Amino acid sequence: MSYRDEELLRLRQKAEEFNKQRVSEDTLEEELKESIYDPVTHITKIPVVFEERELLDGRITMRVPKDFERLSDDMVRQRFIMDSKPQFVYELPYLPFGLTFMLTEIQGDEARIDQMFPYMLRTLKNVGPNVRVLSKGKKVIHGTYIRWFEAIAQTITEPSYRTVFVFALDGRVVIGCLTCPSRLKKRYQPVMEEMLESLQILQELAKEDGENE
């Protein structure tokens, strides 16, 4: 074996060891002590900085990774083959983590969302690729009523874990979705929960500021 082959083998072994450490129980235990409100959050040993950003063309704010990149419309059309595509897709270039928003034409408020939510779940189970709903619920976040569920769904490459949340914006129903590989669910689940809890409609934010003056 040549020196170059030995060096490549050593580097490959080092990379394999690092990848094992990234998903080890010890790493998970330490990272679960962190929050997206810390200066730096580690996700499978990769440092990620979260910040509050305006999304949906400035209509909401949410604490998300600073390096989230919005995909172009052409990339969205290539990535999502179904007719009803999300208009906003954000991804991290160095981690398998994404956030999407679909702004529907469905007029709705809390009552309308409650009415359509069970239908959404039934449709997802019947049409989706081996979808298994793990839990569901409802909450009010910064004055915004939200219905949500978490699920495991089969994709072309591997099963994915996702948190789907539904809320009304400007009188229309919006469907958001946070996604990661299901094998990394334990690490991403608390990150997704904190991100969802940070969601705020800017109209509601302005209203709260006015009330506090």
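One is the number of the first residue; the rest follow in order along the sequence. Computed from heavy atoms alone, side chains included, the values below leave out hydrogens, waters and symmetry copies. Bear in mind the structure is a predicted one, so any value in this text is a computation, not a measurement.
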Margin query: Just verifying a value: how many Å separate Cys180 SG and Arg162 CZ, rounded to the nearest 0.5 Å?
Written below: 10.0 Å
Checklist line | Gap between atom CD1 of Ile146 and atom CZ of Phe117 - 0.5 Å precision | finding: 11.0 Å
Margin query: To the closest 0.5 Å, what do you measure between CE (Met116) and OG1 (Thr123)?
Written below: 9.0 Å
Note to self: Between Leu103 and Arg59, is the side chain to side chain contact (heavy atoms under 4.5 Å, CB included) condition met? List the steps.
What the structure shows: CA-CA 12 Å; Leu103 283 63; Arg59 282 175 279 185; 3.3 Å; yes
Checklist line | Close aromatic pair by centroid cut-off 6.0 Å: Phe97 and Phe68 | finding: yes
Margin query: With a 4.5 Å cut-off on side-chain heavy-atom distances among I, L, V, M, F, W and Y, is there a chain of contacts connecting Ile43 to Val49?
Written below: no
Notebook entry, point to check: So does Glu105 pair up with Arg172, basic N to acidic O under 4.0 Å?
Noted result: yes
Note to self: Taking the side chain as everything from C-beta on, heavy atoms only, tell me whether Tyr145 gets closer than 4.5 Å to Lys138.
What the structure shows: yes
Notebook entry, point to check: Is a donor on one side and an acceptor on the other found under 3.5 Å between the side chain of Asp38 and the backbone of Ser35?
Noted result: yes
Checklist line | side chain to side chain contact (heavy atoms under 4.5 Å, CB included) between Ile152 and Val133, intermediate numbers included | finding: CA-CA 7 Å; Ile152 301 291; Val133 175; over 6 Å; no
Item checked: same_hphob_cluster(Val191, Tyr94) at 4.5 Å side-chain heavy-atom cutoff -> yes
Notebook entry, point to check: Thr61 side chain to Glu52 main-chain N or O, any donor-acceptor pair under 3.5 Å?
Noted result: no
Checklist line | Distance-minimising heavy-atom pair for Leu32 and Pro190 | finding: CD2-CG, 3.6 Å
Check: So, Thr179 side chain and Gly98 main chain: donor-acceptor pair closer than 3.5 Å or not?
Finding: no
Checklist line | Same apolar cluster (I L V M F W Y, side chains within < 4.5 Å links), Leu134/Leu178 | finding: yes
Note to self: With heavy-atom distances below 4.5 Å as the criterion, would you say the side chains of Thr144 and Gln200 are in contact?
What the structure shows: no
Check: Are Val64 and Tyr90 side-chain neighbours, meaning at least one heavy-atom pair lies under 4.5 Å?
Finding: no
Notebook entry, point to check: Quick one: are Met195 and Pro65 in side-chain contact, heavy atoms under 4.5 Å?
Noted result: yes
Item checked: Check: Tyr119 and Leu121 side chains under 4.5 Å, non-hydrogen atoms -> no
Notebook entry, point to check: Okay, side chain of Asp109, backbone of Arg112: is any donor-acceptor separation there less than 3.5 Å?
Noted result: yes
Check: Quick one: does Arg187's side chain have a donor or acceptor within less than 3.5 Å of a partner on His42's backbone?
Finding: yes
Check: Do Thr27 and Lys45 come within less than 4.5 Å of each other through their side chains, counting heavy atoms only?
Finding: yes
Margin query: If I take atom SG from residue Cys177 and atom CZ from residue Phe165, how far apart are they, to the nearest 0.5 angstrom?
Written below: 8.0 Å
Item checked: Check ion pair Glu197-Lys139 (N to O, under 4.0 angstrom) -> yes
Margin query: Can you tell me how far apart CG (Leu199) and CG (Leu56) are? Round to the nearest 0.5 Å.
Written below: 8.0 Å
Next item on the list: Kindly say whether Ile36 contributes a backbone atom to a donor-acceptor pair with the side chain of Arg63 at under 3.5 angstrom?
Entry: yes
Checklist line | Electrostatic pair Arg79-Glu91, nearest N-O below 4.0 angstrom | finding: yes
Notebook entry, point to check: Are the side chain of Glu31 and the backbone of Thr44 linked by a donor-acceptor contact shorter than 3.5 Å?
Noted result: yes
Notebook entry, point to check: Heavy atoms, side chains only, cut-off 4.5 Å: are Phe88 and Leu71 in contact?
Noted result: no
Checklist line | Full working for side chain to side chain contact (heavy atoms under 4.5 Å, CB included) between Thr104 and Ile175 | finding: CA-CA 8 Å; Thr104 75; Ile175 302 173; 4.2 Å; yes
Check: Between atom CD of Glu150 and atom CD of Gln189, what is the distance when rounded to the nearest 0.5 Å?
Finding: 5.0 Å
Margin query: Using side-chain heavy atoms (C-beta onward) and a distance below 4.5 Å, is Glu158 in contact with Ser182?
Written below: no
